[in-house]
K.L.:
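I have a structure here, written as structure tokens, and I will follow up with some questions on it.
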Amino acid sequence: MASFERYTKNDVTSVQTVHTSNASDAAQADILIGFSIANTHASSTATVDAYINDGSNDIYLAKGAQIPAGGAIEVIQGKIVIDNNDAVKVSSDVAVDCWLSVLDNASA
């Protein structure tokens, strides 16, 4: 049964996995419905990559995005479907916090 979930990471300064899809069978998937990244550093601009790894490829949602100190970006402005074992990842050169909202185990 589908459920709304949230996944967070704080103080990300290297590659971190925010969420890996755990859809329970081939007829289900996770739907990303919101993804925010905030720069928590006091004085430096963050350079951020946000992407999905599908097991063999990195598919970028944002590459080299600049977030000013104290600022934030909304990475997803629609919905993105990810399959089982797809991983949502973030990397940054200064500390950022991530918030990902997901409809988990949605049926086709």
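By convention here, the first residue in the shown sequence is residue 1. Being a predicted model, the structure only gives us computed values, none of them experimental.
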K.L.:
Would V90 and Y60 show up in the same hydrophobic cluster when neighbours are defined by side-chain heavy atoms closer than 4.5 Å?
P.N.:
no
K.L.:
Going hydrophobic residue to hydrophobic residue with side-chain gaps under 4.5 angstrom, can you get from V88 over to V75?
P.N.:
yes
K.L.:
Give the minimum heavy-atom separation between A95 and N39, together with the two atoms involved.
P.N.:
O-OD1, 3.4 Å
K.L.:
What distance do S92 atom OG and I67 atom CD1 have between them, rounded to the nearest 0.5 Å?
P.N.:
6.5 Å
K.L.:
Please tell me whether V12 and I52 are part of a single hydrophobic cluster in this structure, the criterion being side-chain heavy atoms less than 4.5 Å apart.
P.N.:
yes
K.L.:
Tell me the closest heavy-atom pair linking F35 and E74, and the distance in Å.
P.N.:
N-OE2, 3.2 Å
K.L.:
Which atoms form the tightest heavy-atom contact between A2 and A106, and what is the distance?
P.N.:
CB-CA, 4.1 Å
K.L.:
I need the N22 CG to E5 CD distance, nearest 0.5 Å.
P.N.:
8.5 Å
K.L.:
Among T17, D58, T20, exactly one meets side-chain hydrogen bond (donor to acceptor under 3.5 Å, both in side chains) together with N53. Which residue is that?
P.N.:
D58
K.L.:
Which pair of non-hydrogen atoms, one from I82 and one from S21, has the smallest distance, and what is that distance?
P.N.:
CD1-CB, 3.8 Å
K.L.:
Once you round to the nearest 0.5 Å, how far does CG of D49 lie from OG of S91?
P.N.:
4.0 Å
K.L.:
Provide the closest heavy-atom pair for P68 versus T45 in the form atom of the first, atom of the second, distance.
P.N.:
CA-OG1, 4.0 Å
K.L.:
Which value, rounded to the nearest 0.5 Å, describes the distance between D30 atom CG and D86 atom CG?
P.N.:
9.0 Å
K.L.:
Quick check on the hydrophobic clustering: are V18 and Y51 connected, directly or via other members, by side-chain heavy-atom contacts under 4.5 Å?
P.N.:
no
K.L.:
So, taking the atom named CD1 in I80 and the one named CD1 in I31, what distance separates them when rounded to the nearest 0.5 Å?
P.N.:
11.5 Å
K.L.:
Are side-chain heavy atoms of R6 and V102 found at a separation under 4.5 Å?
P.N.:
no
K.L.:
Hey, could you give me the CG/CG distance between D104 and L32, rounded to the nearest 0.5 Å?
P.N.:
10.0 Å
K.L.:
Would you say I76 and I73 are hydrophobically clustered, going by side-chain heavy atoms of ILVMFWY under 4.5 Å?
P.N.:
yes
K.L.:
Any heavy-atom pair between the side chains of I37 and D97 that's under 4.5 Å?
P.N.:
no
